[in-house]
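Take a look at the structure below.
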Amino acid sequence: MRGGTSRGPFFVADDLPQDVAARDRVLLAALGSPDRRQIDGLGGAHPLTSKAGIVSRSRVTGVDLDFLFAQLQPESDRVDTTPNCGNMLAAVLPFAIERGLIAAGPETTTARILTLNTGMQCDVTVQTPGGRLRYRGDTRIDGVPGSAAPVSINFLDTAGSVCPAMLPTGRVQDRVRYATPGGEQRETAATLIDNGMPMVLVRASDFGLTGHESVAALNADAVLKERLEALRLACGPLMGLGEVSARNYPKMCLLSAPLAGGTISTRCFIPHVCHEAIGVLAAVTVATACVLEGSIAQGLALAGSGLQRTVSVEHPSGEFSVALELDPHDQQQILRAALLRTARPILRGEVLVPAELLTEHS
């Protein structure tokens, strides 16, 4: 299924091995990792198309569905189930209805979904006129061609999804010291934040960039990527994440002033490849920084005022709008984040993996 700007196979949890090591072997074989082209599986040779979703009915009171997100990489044999993915989340409810895990309502269907990766809950609504899923519609999201029916996502609790708190250092801005691969000591101002996705936000200008460079140019800049990775490794312990060299987070994001009438311009790395758009929870986290006094986004973001704000996050293939509700008693806190995505099924069937993967010891 495609969920937002991501894609990958979805599975009913009972159809996969319950043993984690065996499950991960199956997922790697299904996607075709590790291999740069993922030629022997369903993966699309890119982190955004090297993902999987595992869905089941929930046993938690008040929750309808459990969702476990799995991030794979083309050239890695590791399956990471620690971060969230808001894009793949958009496909969970349509998948659950398609597979009979939940019944469709007469006009719309809303389900409360628990993301098992971090314990985050959200309410997701899809259109189901006459009890049938509607996929066609007029909602457009940048990074996906055409239009489709909207998938509304209302996040209930995103602060500190993986980190100990939304601002894990207790500050809206830090100066982080780190050593480049050449041994040079540097210090960079950054906002270390997790409102759905652990992220390190920095000004593009501090890296000698405009922040409006193309994805291809940024991916070809080996010096930039080495410096960003050195900074990321230094930020991991500061964010309570420990050693993060083998993890897919924190994500790195270059911020600059908007060019197309939005609030902020972004170039995000996931974490070693520049994203051609921006992830859902990355957009929520960047939007949050835009409304926090003293963050790295101050002086760049055109965030407006008031307790209800819509933040337009520009990215290489368009923009992503996030609706935020601020706490009236403390406007450095976010009460609610909501947004629209789209999703659709692409294939229904069986993916074949070597039988011995289900029996061999890890």
Task: Donor + acceptor pair across side chains of S321, E319 (<3.5 Å) - done: yes
Task: E213 side chain vs T210 backbone, donor-acceptor pair below 3.5 Å - done: yes
- [ ] Quick one: do T263 and E314 satisfy side chain to side chain contact (heavy atoms under 4.5 Å, CB included)? Show the steps, please.
- [x] CA-CA 7 Å; T263 304; E314 296 179 3; over 6 Å; no
Task: Side chain R99, main chain V12, donor-acceptor under 3.5 Å - done: no
TODO: Looking only at non-hydrogen atoms, find the nearest pair between H46 and P74 and report the distance.
DONE: N-CG, 3.6 Å
Task: Test item: C235 and Y178 side chains (from C-beta on) under 4.5 Å apart, heavy atoms - done: no
- [ ] Verify the distance criterion only: is there a donor paired with an acceptor across the side chains of S147 and D138 at less than 3.5 Å?
- [x] no
TODO: For the residue pair K225 and V223, establish whether any side-chain heavy-atom pair is separated by less than 4.5 Å.
DONE: no
Task: Hphob cluster co-occupancy, L42 + L48, side-chain heavy atoms under 4.5 angstrom - done: no
Open item on the list: I'd like to check V200 versus V202 (side-chain heavy atoms, cut-off strictly below 4.5 Å). Are they in contact?
Closed with: yes
Open item on the list: One pair to check against salt bridge (Lys or Arg N to Asp or Glu O under 4.0 Å): D80 and K51. What are the steps and the verdict?
Closed with: CA-CA 10 Å; D80 192 355; K51 301 182 176 186; over 6 Å; no
Task: Side chain to side chain, L209 and L224, heavy atoms closer than 4.5 Å - done: yes
TODO: Check the side chains of T128 and T109 for a donor-acceptor pair under 3.5 angstrom, ignoring hydrogens and angles.
DONE: yes
Task: Any donor-acceptor pair under 3.5 Å from D194 side chain to C163 backbone - done: yes
Open item on the list: Tell me the closest heavy-atom pair linking M199 and C268, and the distance in Å.
Closed with: CE-SG, 4.0 Å
- [ ] Supply the atom-to-atom distance E75 CD to H272 NE2, rounded to the nearest 0.5 angstrom.
- [x] 12.0 Å
TODO: State, with a plain yes or no, whether a side-chain heavy atom of S256 is found less than 4.5 Å away from one of H212.
DONE: yes
Open item on the list: One thing to verify: whether R348 and E98 come together as a salt bridge, which I'm taking to mean a side-chain N less than 4.0 angstrom from a carboxylate O.
Closed with: yes
Open item on the list: I'd like to check V176 versus L238 (side-chain heavy atoms, cut-off strictly below 4.5 Å). Are they in contact?
Closed with: yes
- [ ] Report yes or no: do R2 and T342 form a side-chain donor-acceptor pair below 3.5 Å?
- [x] yes
Task: Which atom of F269 lies closest to which atom of C274, heavy atoms considered - done: CD2-N, 3.7 Å
- [ ] Using modelled atom types only, decide if a donor and an acceptor are shared between the side chain of S33 and the backbone of Q73 within a distance under 3.5 Å.
- [x] yes
Task: Same apolar cluster: I264 and L324, side chain cutoff 4.5 Å - done: yes
TODO: Check for a donor-acceptor pair, side chain of S295 on one end and backbone N or O of A289 on the other, with a separation under 3.5 Å.
DONE: yes
Task: From N117 atom CG to Q71 atom CD, the distance as rounded to the nearest 0.5 Å - done: 10.5 Å
- [ ] Answer with yes or no whether the side chains of S50 and Q38 bring together a donor and an acceptor at under 3.5 Å.
- [x] yes
Open item on the list: For Q298 and E293, which I'm curious about, is there any donor-acceptor pair between the side chains at under 3.5 Å?
Closed with: yes
Open item on the list: Ignoring hydrogens and geometry beyond distance, is a side-chain donor-acceptor pair present between D206 and T188 at under 3.5 Å?
Closed with: no
Task: Lys/Arg cation over aromatic F207: R227, 6.0 Å, 45° cone - done: yes
Open item on the list: What's the separation between atom CG in L292 and atom CD1 in I334, rounded to the nearest 0.5 Å?
Closed with: 6.0 Å
TODO: Take I296 and R203 through the side chain to side chain contact (heavy atoms under 4.5 Å, CB included) test and state the conclusion after the steps.
DONE: CA-CA 7 Å; I296 201 74; R203 296 187 186 93; 3.3 Å; yes
Open item on the list: Using a 3.5 Å distance criterion without hydrogens, assess whether the side chain of R132 forms a donor-acceptor pair with backbone atoms of P129.
Closed with: no
TODO: Find the distance between CG (L89) and SG (C122) and round it off to the nearest 0.5 Å.
DONE: 4.0 Å
Task: Between S152 and T125: side-chain donor-acceptor atoms closer than 3.5 Å - done: no
TODO: Anything under 30° is parallel, anything over 60° is perpendicular, the rest tilted; go ahead and classify F10 against F95.
DONE: tilted
Task: Shared hydrophobic cluster for V26 and V55 (ILVMFWY, side-chain gaps under 4.5 Å) - done: no
- [ ] Using a 4.5 Å cut-off on heavy atoms from C-beta on, say whether the side chain of L167 contacts that of Q332.
- [x] no
- [ ] Using a 4.5 Å cut-off on heavy atoms from C-beta on, say whether the side chain of Q127 contacts that of L133.
- [x] no
Task: Smallest separation among heavy atoms of P17 and A22, with atom names - done: CB-CB, 3.7 Å
Open item on the list: Evaluate T180 against E226 for side chain to side chain donor-acceptor pair (under 3.5 Å), listing each step before the verdict.
Closed with: CA-CA 7 Å; T180 66; E226 287 180 350; over 6 Å; no
Task: Single-linkage hydrophobic cluster, 4.5 Å side-chain cutoff, L65 and F155 together - done: yes
- [ ] Step by step, work out the side chain to side chain contact (heavy atoms under 4.5 Å, CB included) result for V162 and Y249.
- [x] CA-CA 9 Å; V162 180; Y249 57 81; 3.8 Å; yes
Open item on the list: Is it true that N195 and T158 share a donor-acceptor pair across their side chains at a distance under 3.5 Å?
Closed with: yes
Task: No-hydrogen, no-angle side-chain donor-acceptor test under 3.5 Å, N154 and D123 - done: no
Open item on the list: Is it the case that over 12 heavy atoms from other parts of the model lie below 6.0 angstrom from the CZ atom of R177?
Closed with: yes
Open item on the list: How close do P250 and L241 get, counting heavy atoms only, and between which atoms?
Closed with: CD-CD1, 3.8 Å
Open item on the list: Hydrophobic clustering (ILVMFWY, side-chain heavy atoms < 4.5 Å, transitive) - are M252 and F320 grouped together?
Closed with: no
- [ ] Please step through salt bridge (Lys or Arg N to Asp or Glu O under 4.0 Å) for the pair R112 and D64, ending with a clear verdict.
- [x] CA-CA 5 Å; R112 180 155 295 181; D64 300 296; over 6 Å; no
TODO: Taking all heavy atoms of H329 and all of D327, pick out the closest pair and write down the distance.
DONE: N-OD1, 2.9 Å
Open item on the list: Would you compute the distance between atom CG of N87 and atom CZ of R7 and round it to the nearest 0.5 angstrom?
Closed with: 13.0 Å
Task: Test side chain to side chain contact (heavy atoms under 4.5 Å, CB included) applied to V244 and L233, step by step - done: CA-CA 6 Å; V244 295; L233 296 179; 4.0 Å; yes
Open item on the list: Looking only at side-chain N and O atoms, does S317 offer a donor or acceptor that is under 3.5 Å from a partner on D142?
Closed with: no
TODO: Would you give the length of the straight line joining atom CG of L228 to atom NZ of K251, rounded to the nearest 0.5 angstrom?
DONE: 14.0 Å
Open item on the list: Strictly distance-based, threshold 3.5 Å: is any side-chain N or O of Q18 a donor or acceptor partner for the main-chain N or O of A13?
Closed with: yes
TODO: Please check if any side-chain donor atom of N84 sits under 3.5 Å from a side-chain acceptor atom of T115, or the reverse.
DONE: no
